[in-house]
Amino acid sequence: MALRVDECLRPLEGIGLSALSSWLNPCASVGRFEQAGDAMHRWEIRVFAGSDYISFADHFRCAHVSFGSDHDEHTGHVFSAYSYHIDHLDDPVAISNRIYSFELLVNGARRLSAGGLESTMRIEFDGYHAVDGGEGRYKVVAIDEDPFDSPGPPPVGEVGQTRAFTAARYIDVAASDSTVRTLLFLAGIIYNNSPKDVILTWGTLYKLYDTYRHMAKELGAVLADFEDAPGETGRFTAACNNMSVLGLGARHGLSANQPPSNPMTGIDDAIETNLRIARKISERYIEARHSAP
């Protein structure tokens with residue numbers, strides 16, 4: 001059952017900020033900062049998430065976005081997120097665009113680390129407020145395709161082997177690798193909750209396919225090396241390229257092409273196949289490009 005964050009502020013008592021008040025005084029003109037882990041933050045993001053959130057937040061260790069949870073006697077669980085990449089921003093639209101971008105990246109990283117869509121519940125960023133009480137105006141108008149523009153601490157790095165740590169590793173790598181970042185964005189955009197979602201998702205999956213195929217070429221590998229069943233990517237592209245198979249979900253309009261003999265027509269199969277292959281290729285890509293010597 002999903003737990004929704006209401007319009008409430010995270011209590012500041014008990015986190016040791018009073019002792020830092022004189023040090024933080026120069027920042028008074030832009031608002032007070034809240035401590036999340038070892039970092040001080042100006043903005044707090046409200047989070048709407050499911051039953052797996054607390055376990056995820058407890059194990060997620062990432063330099064660029066962090067998660068927290070609290071309990072309010074009136075509203076129950078309060079979920080929150082922080083990022084120093086928004087702390088220096090003042091414009092509500094710029095803040096909102098960046099928050100939404102990190103929502104996509106986090107969900108894309110979770111899906112890639114799980115190798116599928118159904119095994120992870122979606123995390124939604126549901127607005128923001130200043131830690132000193134000012135409510136932010138949440139208005140997303142675009143995706144910020146490079147939201148990592150603030151100097152900050154070095155990546156925390158991967159600890160352990162849980163999915164949460166793997167997701168954190170993806171985001172840490174995406175900060176400096178635009179190819180991995182593109183893969184995460186595309187994985188985070190995927191939905192299949194409505195007929196419209198399904199139509200748009202076929203096109204998103206093809207972009208995902210193009211991206212991981214590019215990564216495989218850079219590695220000197222072929223897609224067949226990452227398939228569980230021979231020819232499954234060919235079945236997927238055959239469906240996507242033919243409107244007589246997918247209808248409005250196809251990436252091309254009407255044509256005289258003959259329908260393929262064995263296309264992949266199920267959206268769930270297409271999502272699972274592409275996320276699974278994307279995970280395999282991205283893991284090898286990150287190992288080759290970003291592992292410490």
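Since the model is a prediction, treat every value here as computed from it, not as a measurement. We number each residue from 1, following the sequence as shown.
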- Is a side-chain donor-acceptor pair under 3.5 Å present for N274 with Y212? yes
- Item | Aromatic ring proximity, centroids under 6.0 angstrom, H64 and F148 | yes
- Message: Check this for me: does any side-chain nitrogen of one of R213 and D210 sit under 4.0 Å from a carboxylate oxygen of the other?
- Response: yes
- Is it true that V222 and L219 fall in one hydrophobic cluster, defined by side-chain heavy atoms closer than 4.5 Å? no
- Query: Salt-bridged, D90 to R42, with N to O below 4.0 Å?
  - Reply: yes
- Rounded distance (nearest 0.5 Å) linking atom OH of Y206 with atom OG1 of T211: 11.5 Å
- Starting at CD1 of I281, measure out to CE of M215 and round the result to the nearest 0.5 Å. 7.5 Å
- ring pair (Phe, Tyr, Trp, His ring centres under 6.0 Å) involving Y100 - partner list, sequence neighbours excluded: none
- Query: Does the side chain of S282 pick up a donor-acceptor pair with the side chain of Y170 at under 3.5 Å?
  - Reply: yes
- Task: Determine, stepwise, if the pair F67 / F56 fulfils ring-ring contact (aromatic ring centres under 6.0 Å, His included).
- Result: CA-CA 9 Å; F67 293 92; F56 169 77; 5.4 Å; yes
- Take V131 and M40, measure what side chain to side chain contact (heavy atoms under 4.5 Å, CB included) needs, and give me the verdict at the end. CA-CA 10 Å; V131 300; M40 304 298 293; over 6 Å; no
- Query: Nearest 0.5 Å, what's the CG-CD1 distance between L112 and I277?
  - Reply: 12.0 Å
- Query: Heavy atoms, side chains only, cut-off 4.5 Å: are L184 and N107 in contact?
  - Reply: no
- To the nearest 0.5 Å, what is the distance between CD1 (I190) and CG (L205)? 4.5 Å
- Query: Regarding E44 and Y128, is there a side-chain donor-to-acceptor distance under 3.5 Å anywhere?
  - Reply: no
- Note on the structure: Applying salt bridge (Lys or Arg N to Asp or Glu O under 4.0 Å) to D228 and not counting sequence neighbours gives R276, K280
- Message: Let me confirm one number: the CD-OG1 distance from E283 to T166, rounded to the nearest 0.5 Å.
- Response: 7.0 Å
- Note on the structure: Residues at least two apart in sequence or cross-chain that pass salt bridge (Lys or Arg N to Asp or Glu O under 4.0 Å) with D225, listed by chain then number, are none
- Go through the steps to decide whether Y285 and T179 satisfy the test side chain to side chain contact (heavy atoms under 4.5 Å, CB included), and finish with yes or no. CA-CA 10 Å; Y285 177 93; T179 301; 3.8 Å; yes
- Item | side chain to side chain contact (heavy atoms under 4.5 Å, CB included) evaluation trace for R46 with F79 | CA-CA 6 Å; R46 293 192 303 271; F79 298 157; over 6 Å; no
- Query: So, D52 and R122, do they make that salt bridge, N to O below 4.0 Å?
  - Reply: no
- Item | Trace of the side chain to side chain contact (heavy atoms under 4.5 Å, CB included) decision for Y191 with L200 | CA-CA 8 Å; Y191 287 96; L200 297 176; over 6 Å; no
- By salt bridge (Lys or Arg N to Asp or Glu O under 4.0 Å), which residues pair with D177, not counting sequence neighbours? none
- For T233, all residues meeting side chain to side chain donor-acceptor pair (under 3.5 Å), sequence neighbours excluded: E227
- Item | With sequence neighbours excluded, residues passing salt bridge (Lys or Arg N to Asp or Glu O under 4.0 Å) with E145 | none
